[in-house]
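Within every chain, numbering begins at 1; the chains are lettered A, B, ... in the order of the sequence lines, protein sequences first and strands thereafter.
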2 protein chains.
Amino acid sequence: MSYEQLKLKNQLCHRLYMASNSIVRAYREPLSELNITYPQYVVMMALWEQDKITIAELLEKTAIDGGAMTQILKKMADKQLLEIIKDAQDKRKRLVQLTSEGQALKKKAAHIPKQIGCKFNSIDSAQAQQLMQLLDLVVEDLSESKTIESF
Amino acid sequence: MSYEQLKLKNQLCHRLYMASNSIVRAYREPLSELNITYPQYVVMMALWEQDKITIAELLEKTAIDGGAMTQILKKMADKQLLEIIKDAQDKRKRLVQLTSEGQALKKKAAHIPKQIGCKFNSIDSAQAQQLMQLLDLVVEDLSESKTIESF
DNA sequence: ATCAAATACTTTGCATGCAAAGTATATTGC
DNA sequence: GCAATATACTTTGCATGCAAAGTATTTGAT
């Protein structure tokens with residue numbers, strides 16, 4: 001056996017690991033000006049798209065871990081970016097709603113996608129689209145439900 | 001302004017974030033049988049390729065954070081997988097060397113790449129290669145040295 | 001109606017990832 | 001030679017990511 005597949009150079013997974021870390025690192029500085037982290041930025045983007053949604057919906061949109069989400073939302077509430085409201089109909093649920101400050105942050109964040117995009121000098125728009133589609137397949141293939149079904 | 005770029009659906013970065021988390025999650029169970037985590041597995045793969053290298057070289061090969069590496073190596077040394085030896089020539093450096101137990105683990109890990117690979121039902125070999133190449137470009141574009149040069 | 005099971009979260013414990021500060025050793029410039 | 005730098009790590013503090021256990025409600029089956 002050559003163990004060829006155990007070499008880091010041949011591993012898609014290690015590439016993904018490195019790329020994701022690079023991304024989060026790249027966002028750190030731009031986002032520090034908004035006083036938020038990358039996961040918090042992801043939560044904000046979800047809420048800018050659709051406000052006043054349940055935590056479960058937020059989890060689904062962002063793919064952030066549930067346990068982490070509780071902590072993240074608590075910090076964001078402390079920063080006055082959002083409020084967590086109990087759902088009157090179903091008391092188990094909680095709704096997340098942006099404050100005016102949270103809504104206002106959208107304008108200050110509007111330049112960030114372009115700022116990050118500028119760093120991708122080697123990748124054109126078509127390749128980025130292709131990359132997104134392939135990554136969707138990766139996530140889909142690795143999703144829990146799929147794994148359970150196939151065994 | 002449409003803020004179209006702030007939508008999660010359009011973000012390559014969020015895809016990468018999700019995909020990377022999925023990967024680490026997918027490795028968790030197979031690796032738990034070896035009693036190691038994904039970053040520890042990455043360290044092992046690096047050492048299986050080339051043993052007795054400095055921590056700096058290990059950092060370069062794995063792209064793991066330096067601060068984290070200290071902790072990771074300490075845990076792996078506790079598990080008798082490797083030893084950290086002071087370099088006689090340059091006392092600042094330290095060499096990482098696998099124990100016989102660490103070397104032996106390679107056989108027990110040999111099935112893992114295939115096991116993970118089986119989950120990728122939607123992606124063929126050519127697409128995986130393409131994905132790797134694109135991810136290399138992402139990492140390259142976001143690398144620190146590049147950023148500094150371009151500004 | 002009522003108790004078991006399912007939901008929607010929260011909490012806890014452990015392992016990173018990362019920036020920034022600290023330590024020990026080696027190199028350099030003068 | 002020696003002080004100023006540069007190296008190679010280590011340590012610290014904070015923010016997740018994740019599994020597993022815990023809590024509060026709501027559904028469902030009988």
Can you measure [X] atom [atom1] to [N] atom [atom2] for me and round it to whole angstrom units?
X: A:Tyr38; N: C:dC18; atom1: OH; atom2: P; value: 14 Å
X: A:Glu29; N: C:dA20; atom1: CD; atom2: C1'; value: 15 Å
X: B:Tyr17; N: C:dG17; atom1: OH; atom2: C1'; value: 13 Å
X: A:Glu60; N: C:dT7; atom1: CD; atom2: C1'; value: 16 Å
X: B:Ile84; N: D:dA8; atom1: CD1; atom2: P; value: 17 Å
X: B:Leu58; N: D:dC9; atom1: CG; atom2: P; value: 10 Å
X: A:Asp65; N: C:dT11; atom1: CG; atom2: P; value: 14 Å
X: B:Ile64; N: C:dA15; atom1: CD1; atom2: C1'; value: 12 Å

What's touching nucleotides 26-29 of chain D from the protein side, N or O pairs under 3.5 Å?
{"from": "D:dT26", "atom 1": "OP1", "to": "A:Lys91", "atom 2": "N", "distance (Å)": "3.1"}
{"from": "D:dT26", "atom 1": "O4'", "to": "A:Arg92", "atom 2": "NE", "distance (Å)": "3.3"}

A:Ala68 or A:Ser22, whichever maps to the more 5' nucleotide of DNA chain C: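 The answer here is A:Ala68.
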Nearest-nucleotide 5' precedence on DNA chain C, A:Glu57 against A:Val24: A:Glu57
A:Asp65 CG to B:Arg25 CZ distance, which is reported to the nearest 0.5 Å: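 Rounded to the nearest 0.5 Å, the CG-CZ separation comes out at 8.0 Å.
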Is any side-chain N or O of [X] closer than 4.0 Å to OP1 or OP2 of [N]?
X: A:Gln71; N: C:dT12; result: no
X: A:Thr54; N: C:dA8; result: no
X: B:Lys75; N: C:dC14; result: no
X: A:Arg94; N: C:dT10; result: yes

Non-neighbouring partners of B:Arg92 that pass side-chain hydrogen bond (donor to acceptor under 3.5 Å, both in side chains), sequence neighbours left out: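 With sequence neighbours excluded, B:Arg92 shows a side-chain hydrogen bond (donor to acceptor under 3.5 Å, both in side chains) to B:Asp90, given in chain and number order.
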Touch class at under 4.0 angstrom, heavy-atom based, for B:Asn21 against every strand present: sugar-phosphate
Sugar-phosphate only, base, or nothing, as touched by B:Lys86 at under 4.0 Å among non-hydrogen atoms: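 No contact at all - B:Lys86 keeps every heavy atom at 4.0 Å or more from the nucleic acid.
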Common cluster, B:Leu137/A:Tyr17, ILVMFWY with side-chain heavy-atom separation under 4.5 Å: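 Result: yes, single cluster for both.
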Hydrophobic cluster membership, B:Val139 vs B:Met45, 4.5 Å side-chain cutoff: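 They do share one cluster, since a chain of ILVMFWY contacts under 4.5 Å joins B:Val139 to B:Met45.
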Contact nearer the 5' end of DNA chain D, comparing A:Gln40 with B:Ile55: B:Ile55
Residue met sooner reading DNA chain D from 5', once B:Thr70 and B:Arg28 are mapped to nucleotides: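 Its nucleotide being nearer the 5' end, the pick is B:Thr70.
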